[in-house]
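Working notes, structure below.
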Amino acid sequence: MIVGAGIIGAAIAARLGEGAAHICLVDAGPPGSGTSKSSMAWINAHNKKPRSYFDFARAGMRAHAAFAERSGGSWYRPARTLQWAEDDAGGRDLRETVDRLAEWGCPAEWISASAAAGEEPSLRLPAHVGSVACFPDEALVDTEPLVAALIDSAEASGVRVLTGPHARVVELTTAGTRISGVALAGGDHLPADVVICCAGWHTPRVAATAGARVVLVPGDAPGSEAPTLLAHVQQGPHDRPLDRLILAPGLHARPLPGRRLYLEALDLNDLVDAHTPQHRIGELSRELLDRARDILPGAAGGAVLTEGRVCIRPLPPDDHPVVGWHDEVDGLYTAVTHSGITLSLHLAGLIAEEVLHGRRAEALAGYRPGRFA
Ligand SMILES: Cc1cc2nc3c(=O)[nH]c(=O)nc-3n(C[C@H](O)[C@H](O)[C@H](O)COP(=O)(O)OP(=O)(O)OC[C@H]3O[C@@H](n4cnc5c(N)ncnc54)[C@H](O)[C@@H]3O)c2cc1C
């Protein structure tokens, strides 16, 4: 039994479906409609530290490239990320990133401002920016078609997928210290000898119904750092396509299907939480659009705001995945992580090994749920 059909649950369902019978995936809403739908979905190992976590993310990047090639996935967009800094501290951080990635074997290089403008003609770089960091090995994915492909693959191999309000899990049921199934809001009880809980930022609440502990930064607490602000804008008829992720001070921008752009900014994230009123979200979203028009006039000059929202990240306190069996409840397994789009396909392969074949994956040893005890 898999609880949650975000990118993590969908990837696990697709992998488990290849090797086992009688698997069921339940979600309170349509597949991929939680955090995964709002993700920037940048496939990267950019700021992943220490080295072991970087290697983990690199494996995630390779898994995406391989899956897209195998399935002809148009959701996968290899894209040379461009990033620059405008102050001393930002410059030091960026040099550290480029040097570290290059040393760890991940392509990262400096190009001149004019070369960057040649690659991305919609850019207007500030005059004092002389060089731009380029990360040629990174990619973006479109999460909706990716999740749909994973769900199709799971269903094709016999996984039963139940979604909608009636399929919301109200309790993980136990018999003694062993998991026995899930109770759904619609009144059904589905028996299960193994439950994999991948309910995104809701995971601590769901796991707690069986007496299990999952530690995340509380997503809906006032002032929590887990919520982020994002805006979607529709490009104007004369705007150029944007071909990559732009990481500018004060703006992150990427293309979305349908001539739309995704926008976010780290400094504006600090101004929102799960309780920010809609009118304030609207103001901050318009600020994102203004910044995009300034930094990417060729791509956003004629853009209009279509949506602004706050979305909650599943954020473990140490930023690393929380994956594995629970010592406190036999048969209960948790899989929740930030950077879940990057890590999903690689994680799903490791989880399938652990759940189906009982082989402990060494790569997951540092990420067990019990480490916060
Ligand atoms: C703004 C933003 C930008 C991001 N950028 C990136 C990025 O660039 N690269 C990257 O790799 N990652 C990024 N992330 C992180 C990434 O999006 C998440 O790690 C990932 O989407 C988490 O997927 P998930 O499947 O765990 O959660 P979700 O997508 O939230 O899925 C969980 C599912 O569980 C279901 N559920 C919850 N409770 C219940 C219940 N009781 N019963 C039944 N179903 C339930 C929900 O309906 C939901 O569908 C970003 C996140 C955000 C918010």
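Below, all heavy atoms of this structure are taken into account, side chains as well, without hydrogens, waters or symmetry copies.
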Inset, instruction - Flag the pair Arg92 and Asp87 as a salt bridge only when some basic side-chain nitrogen lies within less than 4.0 angstrom of an acidic carboxylate oxygen. - result: no
Inset, instruction - Look at the side chain of Arg260 and the backbone N and O of Pro257, then say whether any donor-acceptor pair between them is shorter than 3.5 Å. - result: yes
Legend entry - Leu332 side, atom CG; Ile179 side, atom CD1 - distance, nearest 0.5 Å: 4.5 Å
Inset, instruction - Could you tell me the separation between the CE atom of Met61 and the CG atom of Leu345, rounded to the nearest 0.5 Å? - result: 13.0 Å
Legend entry - Partner set under salt bridge (charged side-chain N to carboxylate O under 4.0 Å, His left out) for Asp193, not counting sequence neighbours: none
Inset, instruction - Apply the test ring pair (Phe, Tyr, Trp, His ring centres under 6.0 Å) to residues Tyr367 and Phe56: give CA-CA distance (whole Å), side-chain angles for both, the deciding distance (0.1 Å), then the verdict. - result: CA-CA 11 Å; Tyr367 305 133; Phe56 201 76; 5.2 Å; yes
Inset, instruction - Verify the distance criterion only: is there a donor paired with an acceptor across the side chains of Thr81 and Glu138 at less than 3.5 Å? - result: yes
Inset, instruction - Could you tell me whether the side chain of Arg291 and the main chain of Gly250 form a donor-acceptor pair under 3.5 Å? - result: yes
Inset, instruction - Kindly say whether Pro297 contributes a backbone atom to a donor-acceptor pair with the side chain of Ser122 at under 3.5 angstrom? - result: no
Legend entry - Criterion salt bridge (Lys or Arg N to Asp or Glu O under 4.0 Å) on Arg286 and Glu283, from CA distance to verdict: CA-CA 5 Å; Arg286 285 189 287 280; Glu283 283 168 13; 5.5 Å; no
Inset, instruction - Check the hydrophobic clustering (I, L, V, M, F, W, Y; side-chain heavy atoms under 4.5 Å; chains of links allowed) and say if Leu347 and Trp75 are grouped together. - result: yes
Legend entry - Exam field: side chain Gln234 to backbone Arg259, donor-acceptor pair closer than 3.5 Å: yes
Legend entry - Donor-acceptor pair, side chain of Ser153 and main chain of Ala149, under 3.5 angstrom: no
Inset, instruction - Consider only side-chain N and O atoms of Lys37 and Thr143, and report whether a donor and an acceptor are under 3.5 Å apart. - result: no
Legend entry - Partner residues of Phe135 under the ring pair (Phe, Tyr, Trp, His ring centres under 6.0 Å) criterion, sequence neighbours left out: His46
Legend entry - Any Val214 side-chain heavy atom under 4.5 Å of Val336 side chain: yes
Inset, instruction - Quick one: list whatever passes ring pair (Phe, Tyr, Trp, His ring centres under 6.0 Å) with Phe54, sequence neighbours left out. - result: Trp104
Legend entry - Heavy-atom donor-acceptor pair, Thr203 side chain to Ala199 backbone, under 3.5 Å: yes
Inset, instruction - For Arg254 and Val141, indicate whether the former's side chain and the latter's backbone hold a donor-acceptor pair under 3.5 Å. - result: yes
Legend entry - Joint cluster assignment, Val355 & Leu190, ILVMFWY side-chain distance < 4.5 Å: no
Legend entry - Hydrophobic cluster membership, Ile351 vs Ile2, 4.5 Å side-chain cutoff: yes
Inset, instruction - Please check if the side chain of Thr306 supplies one atom and the backbone of His232 the other of a donor-acceptor pair under 3.5 Å. - result: yes
I'd like a table of donor-acceptor pairs (distance under 3.5 Å, sequence neighbours excluded) in which one partner is a side-chain atom from residues 310-320, with atom names and distances.
unit_1	atom_1	unit_2	atom_2	d
Arg313	NE	Ala226	O	3.1
Arg313	NH2	Glu225	O	2.6
Asp318	OD1	His320	N	3.1
Asp318	OD1	Arg371	NH2	2.9
Asp318	OD2	Arg371	NE	2.9
Asp318	OD2	Arg371	NH2	3.1
His320	NE2	Lys49	O	3.1

Legend entry - Arg124: side chain to side chain donor-acceptor pair (under 3.5 Å) partners, not counting sequence neighbours: Asp294
Give the table of side-chain donor-acceptor pairs shorter than 3.5 Å for residues 4-33, with sequence neighbours excluded, one pair per line with atom names and distance.
unit_1	atom_1	unit_2	atom_2	d
Asp27	OD1	Gly29	N	2.7
Asp27	OD2	Ala5	N	2.6
Ser33	OG	Pro30	O	2.7

Legend entry - Test item: Asp273 side-chain N/O and His275 main-chain N/O as donor-acceptor pair under 3.5 Å: yes
Inset, instruction - Sort and list the pairs that fulfil side-chain hydrogen bond (donor to acceptor under 3.5 Å, both in side chains) and have at least one residue in residues 176-185, not counting sequence neighbours. - result: Thr173-Ser180
Inset, instruction - Check whether Ile295 and Ile111 end up in the same hydrophobic cluster, where Ile, Leu, Val, Met, Phe, Trp and Tyr are linked by side-chain heavy atoms less than 4.5 Å apart. - result: yes
Legend entry - Distance (rounded to the nearest 0.5 Å) between Leu261 CG and Leu288 CG: 11.5 Å
Legend entry - Pairs touching residues 238-247 that satisfy side-chain hydrogen bond (donor to acceptor under 3.5 Å, both in side chains), sequence neighbours left out: Glu119-Arg244, Glu120-Arg244
Legend entry - Which residues share a side chain to side chain donor-acceptor pair (under 3.5 Å) with His326, sequence neighbours left out: Glu328, Thr334
Inset, instruction - Sort and list the pairs that fulfil side-chain hydrogen bond (donor to acceptor under 3.5 Å, both in side chains) and have at least one residue in residues 345-365, not counting sequence neighbours. - result: Tyr333-Glu354, Glu353-Arg359, Glu354-Arg368
Inset, instruction - Provide the full list of side-chain hydrogen bond (donor to acceptor under 3.5 Å, both in side chains) pairs with a residue in residues 109-118, sequence neighbours left out, each pair given once. - result: Ser112-Ser114
Inset, instruction - Could you tell me whether a side-chain N or O of Thr276 sits under 3.5 Å from a main-chain N or O of Ile281, the two making a donor and an acceptor? - result: no
Legend entry - Contacts of Ser38 that satisfy side chain to side chain donor-acceptor pair (under 3.5 Å) - sequence neighbours left out: Arg309
Legend entry - Salt-bridge contact Arg95-Asp99 (side-chain N to carboxylate O under 4.0 Å): no
Legend entry - Nearest-0.5 Å distance that lies between atom NE2 in His338 and atom OG1 in Thr35: 10.5 Å
